[in-house]
Amino acid sequence: MNQETKTHSLRSVSATCQNCKGQFVIDAQDFQFYEKISVPPPTFCPECRMMRKMVGSNERALFKRKCEAPGHNEELISRYPPGGGDVVYDQAYWWSDKWDPLRYGREYDFSQPFFEQFFELKGAVPRPNMNITNSVNCDYCTSAINSKNCYLVSGAYFSQDCMYSNTPALCRDAVDTSICIFCEVLYECFSCTRCFNLRFSAYCVECMDSSFLYDCHNVSNCFGCVGLRNKQYHIFNKPYSKKDYEAEMAKMDLGSYRTLQMVHARHAELIARFPRRYMISKNAVDCTGDNIEHAKNCKFSFEIRDGGENVKYALIGGRRLKDSYDVFSGGARAELLYEANAIGSERVFFSTGATDSFDVRYSMTAFGCAHLFGCAGLRNKEYCILNKQYTKEEYEKLVPKIMAHMNEMPYVSQRANGKWQIVYRYGEYFPPEFSTIAYNDSMAHEYFPLTKDAALEKKFRWRDVEEKNYEQALSPEELPDHIKDTEGDIFETVITCGHRAHCLHQCKGVFKIVPKELEFYRRLRVPLPRLCPECRHYERVEGKRRYRLWHRRCTCLGSHGARGKGEPAYKNSATHFHGEQPCPNEFETSYAPERPEIVYCEQCYQSEIV
Ligand SMILES: [Zn+2]
Ligand SMILES: [Zn+2]
Ligand SMILES: [Zn+2]
Ligand SMILES: [Zn+2]
Ligand SMILES: [Zn+2]
């Protein structure tokens, strides 16, 4: 530690968020990190910072628009809405050498705030219609890296044959899944790691040949269970012999929609009665947040898998993400990220879409670049500012002047309903009003949902989802109950979504089944879905999506067990370390105090699981 960091590292301060006016704490370790990378401390609270990064990211909505590459004009599907202010080229043309992003380069203007100049540049530089890198047959994916044969997937990462999933990493044959890693043959699963042939399950690690599991580890041939460790042949948490298990399973026909609904309800009841772990984690040392695996000193972080160290305020990351703050989707050996979305990169600040890059600030979409400031859509370039090429010496002289100018002439936002101004100096991420995406199409809506009125009041864009009506559409009630009775030409039929667009799920009211999907349902012997892919996604993640921690006390009351709010009492099955007395342990949890779940500390939870 040098002299400078010592002065700050002794204290922790409370600050007022510029955006929501709430209080937040910047502690001694935080100051050390900001000093290490020479950025000023944040002026937004952690939640507002995360929301600000998510506002610019559409991972689900697809739009038809024209390719704007010279001489093209063909219709394509894009993650960027038409009329939003982005110029869009088709993937193949964007990746070709037929155009030069430096052609849009411009001189820095010391009479205009930096953010305004950057957004003029960003609006001029073409973007690829989807963010697909090195992938085959993934044309309907909003983003994919090194993936193959994926359909309507977002964030496919080294994955193959996946459909209707978000962020499958190193997965194969996963349909309707959210944030799973190293999995194969997966259907309707959420936050699972290293699982094989698993259906309707969440928070499972190393489980196989099972259905309806919740927070189970190393389990095989189990059905409808909660909190099992190293078990096989259990049904609704009761042990069976192999023979009896197989006999019971033979009676359970999950190909029928009616049976499936009954099992769903029974499993949900079991989950509701069972205590929850205050945080889901495995091999997580000194971590706070939720869904953290193989990590050390990750604080206030969520969905960190396969390696994370010294990370704070991150959401969706891992694979050896190190020494980083405020990451929204990042890792793969990335280091020193701050307010960024980046993979395989080092020293990326206030930027999105940096891949295999070094020292990138205030930039969007950079592949194999180094030393960029305020650039958009560059590949294999270094020492550029606003897409203009400089020498190393010129770059090193100009960047500090721009940083000083950003502080002298900050961008001032009139957002927040005109009630107050928000000032953006060097050290702030891009202001959300520059996003070309509607709030309800952005990732922010999933974690920080807003109604249309609330979004408009906050000056976000909003998109009214166009409801589609087909006279001949088959209602979900008209679908065959059993997959075996489904006709082979069902994929030619338009089906009405069970929610009929009466929800906040971006539901269009109708959907279709594709042939590959039908083949999957038949192979797994599960009935056709009754909801459209959007509604399925939101149903899967609802109630689980949160980016917030509360300080709470373990709800275990000792020998009497616990009472959740509004739920039946839970009776402990074992004697706990605290005996007759209520458990004294406190923790940071993503279960808000008003939620009904029984929330146990690690020790009490470990005493209850079998
Ligand atoms: Zn705030
Ligand atoms: Zn729907
Ligand atoms: Zn819906
Ligand atoms: Zn406890
Ligand atoms: Zn206890």
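Hydrogens, waters and symmetry mates are skipped; everything else that's a heavy atom, side chains included, is used. When a ligand or atom number is given, it counts from 1 through the structure's own listing order.
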Practice prompt. Would you kindly say whether H578 and Q603 are connected by a side-chain donor-acceptor distance under 3.5 Å?
Written response: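 Looking only at side-chain atoms, Q603 and H578 do not form any donor-acceptor pair under 3.5 Å.
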Discussion item. Just to verify, which of H217, E184, E293, R305 counts as forming a side-chain contact (heavy atoms from CB on, under 4.5 Å) with R194?
Written reply: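 Answer to the side-chain contact (heavy atoms from CB on, under 4.5 Å) test with R194 among H217, E184, E293, R305: E293.
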Practice prompt. Look at the rings of Y214 and Y203 and say which category their plane angle falls in: under 30° parallel, 30 to 60° tilted, over 60° perpendicular.
Written response: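 Answer is perpendicular, since the angle exceeds 60°.
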Worksheet entry | Flag if over 12 foreign heavy atoms under 6.0 Å of CZ, R266 |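 Not buried by this count: 12 neighbours or fewer within 6.0 Å.
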Worksheet item: So with a 6.0 Å cut-off around CG of L504, is the heavy-atom count from everything else above 12?
Response: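 Incorrect, the count does not exceed 12.
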Discussion item. At a threshold of 2.8 Å, where the distance has to be below it, does the Zn ion (ligand 2) have an N, O or S atom of C535 nearby?
Written reply: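 Yes, within the cut-off.
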Discussion item. Using 2.8 Å as the threshold, say whether any N, O or S atom from C532 sits that close to the Zn ion (ligand 2).
Written reply: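 Of the N, O and S atoms in C532, at least one lies under 2.8 Å from the Zn ion (ligand 2), which means yes.
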Just wondering, is there an N, O or S atom on [X] that's nearer than 2.8 Å to the Zn ion (ligand 3)?
X: C503; value: yes
X: H502; value: no
X: H505; value: yes

Discussion item. With rounding to 10 degrees, what does the angle C554:SG / the Zn ion (ligand 4) / C583:SG come to?
Written reply: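 Rounding to the nearest 10 degrees gives 110°.
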Practice prompt. Check whether NZ of the Lys or CZ of the Arg R461 lies under 6.0 Å from the centre of the six-membered ring of Y439 and within 45 degrees of that ring's axis.
Written response: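 No, R461 does not lie over the aromatic ring of Y439.
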Tell me whether the Zn ion (ligand 4) has [X] as a neighbour, meaning an N, O or S atom of it below 2.8 Å.
X: C604; value: yes
X: H576; value: no
X: C556; value: no

Worksheet item: Are F63 and Y80 near enough that their ring centres are under 6.0 Å apart?
Response: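 No, they do not, as the ring centres are separated by 6.0 Å or more.
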Worksheet entry | Closest H499 atom to the Zn ion (ligand 3) [N, O or S only] |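 Considering only N, O and S atoms, H499 comes nearest to the Zn ion (ligand 3) through ND1.
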